[in-house]
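First comes the structure, then the notes that go with it.
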Amino acid sequence: RLSVIDNFGCVDTIGIGSANIMNMINNGQIPLTQIFLSDDQYSNVINIPFDFSFYGIDYSSCVISSNNYLSFNTNNAGGGSNWAIQASVPGSGPFNSIMAPWQDINPAAGGVIEYGTYGSAPYRVFVVKWNDIPMFSCGNLFTSYLYLFETTNRIETHVIDKSLCA
């Protein structure tokens, strides 16, 4: 069974009805694990509880960047995460990554980064949430979600709050 999204943002990932994943996260119905990152840092290796195919390669682990992206390059675990966007992707920048979008945010100044999984095999969703993270250059708060869908290998990014910094 494929996931279906209705006009209200509700997703049927387990084949028995619709669920608004964002609302379920915000209401505490989907438990998430908080990670603590400083500015411009990658997390330790995080296991994804299913194989996710990205450009034809299956991955079961990743690292999360404090700069709002997920990378399958686990060699970066615990290291520095580039914040300067000097050329277009894929020509430069963090390779083998999903930008949600890539930008300079600073969780050391506030906010929360969390991840978790929703649903049952083979229709689970791996979720990463960057919540109320201050933008580095101006301090305005930013929130986004990243969803990786099992079986379909679909990627969704949901930007909730994104202001421009002057």
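All residue numbers in this chain count up from 1 along the given sequence.
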Worksheet entry | Cluster link F54 to I48, ILVMFWY, side chain under 4.5 Å | yes
Worksheet item: Less than 4.5 Å apart, any side-chain heavy atom of P101 and any of N68?
Response: yes
Item to complete: Using a 4.5 Å cut-off on heavy atoms from C-beta on, say whether the side chain of Y123 contacts that of T152.
Response: no
Discussion item. Which label fits Y69 and Y42: parallel for a plane angle under 30°, tilted from 30 to 60°, or perpendicular past 60°?
Written reply: perpendicular
Worksheet item: What's the shortest heavy-atom distance between A100 and S144, and which atoms?
Response: O-OG, 3.4 Å
Worksheet entry | Side-chain (N20) to main-chain (N23) donor-acceptor, under 3.5 angstrom | yes
Discussion item. Has N73 got a side-chain atom pairing as donor or acceptor with N75's backbone, closer than 3.5 angstrom?
Written reply: yes
Practice prompt. Report the distance from atom CG of L70 to atom OG1 of T157, rounding to the nearest 0.5 Å.
Written response: 12.0 Å
Worksheet item: Say you draw a straight line from CG of D40 to OG of S81; how long is it, rounded to the nearest 0.5 Å?
Response: 6.5 Å
Fill in: Side chain proximity check, V127 to I30, heavy atoms < 4.5 angstrom
no
Item to complete: Would you sort out whether D39 and D104 count as a side chain to side chain contact (heavy atoms under 4.5 Å, CB included), showing the intermediate values?
Response: CA-CA 9 Å; D39 189 30; D104 195 11; 4.0 Å; yes
Worksheet item: Are F36 and I105 linked, directly or through other ILVMFWY residues, by side chains that come within less than 4.5 angstrom of each other?
Response: no
Worksheet item: Does the side chain of M22 reach to within under 4.5 Å of the side chain of Y145, using non-hydrogen atoms?
Response: yes
Discussion item. Could you walk me through whether T117 and V125 satisfy the side chain to side chain contact (heavy atoms under 4.5 Å, CB included) test, starting with their C-alpha distance in whole Å, then the side-chain angles of each, then the deciding distance to 0.1 Å, before giving a yes or no?
Written reply: CA-CA 6 Å; T117 304; V125 182; over 6 Å; no
Worksheet item: I35, I98: one ILVMFWY side-chain cluster at the under-4.5 Å cut-off?
Response: yes
Fill in: Non-hydrogen side-chain atoms of L141 and P134 separated by less than 4.5 Å
yes
Worksheet item: Taking atom CZ of R154 and atom OH of Y147, what is their separation to the nearest 0.5 Å?
Response: 10.5 Å
Practice prompt. Provide the closest heavy-atom pair for T74 versus S61 in the form atom of the first, atom of the second, distance.
Written response: CG2-OG, 3.6 Å
Discussion item. Less than 4.5 Å apart, side chain to side chain, heavy atoms only: is that true for V63 and F72?
Written reply: no
Worksheet item: Partners of F50 by ring-ring contact (aromatic ring centres under 6.0 Å, His included), sequence neighbours excluded?
Response: none
Worksheet item: Any side-chain heavy atom of Q34 within less than 4.5 Å of one from N131?
Response: no
Worksheet entry | Cluster link F95 to I57, ILVMFWY, side chain under 4.5 Å | no
Worksheet entry | side chain to side chain contact (heavy atoms under 4.5 Å, CB included) between F52 and N153, worked out | CA-CA 6 Å; F52 185 80; N153 299 302; 3.7 Å; yes
Discussion item. With rounding to the nearest 0.5 angstrom, report the CD1 to CG distance, I133 to N140.
Written reply: 13.5 Å
Worksheet item: For the side-chain contact (heavy atoms from CB on, under 4.5 Å) test, which of N106, V159, I160 pairs with F142?
Response: V159
Discussion item. Please check: side-chain N/O of E150 versus main-chain N/O of R124, any donor-acceptor pairing under 3.5 Å?
Written reply: yes
Worksheet entry | Spacing of NZ belonging to K129 relative to OG1 belonging to T33, to within rounding of 0.5 Å | 13.0 Å
Worksheet item: Quick one: are I64 and Y115 in side-chain contact, heavy atoms under 4.5 Å?
Response: yes
Discussion item. Please find the pair of heavy atoms, one from P107 and one from S38, that lie closest to each other, and give the distance.
Written reply: CG-O, 3.8 Å
Item to complete: Apply side chain to side chain contact (heavy atoms under 4.5 Å, CB included) to F149 and E156, showing your working.
Response: CA-CA 8 Å; F149 289 82; E156 288 184 12; 3.6 Å; yes
Item to complete: Using atom types as modelled and distance alone, determine if a side-chain donor or acceptor of W130 lies under 3.5 Å from a backbone N or O of S65.
Response: yes
Discussion item. So does Q41 get a backbone contact from the side chain of S66, meaning a donor-acceptor N/O pair under 3.5 Å?
Written reply: yes
Worksheet entry | Co-membership, hydrophobic cluster, residues Y59 and L148, 4.5 Å side-chain | yes
Fill in: Separation between CD1 of I25 and CD of E114, rounded to the nearest 0.5 Å
8.5 Å
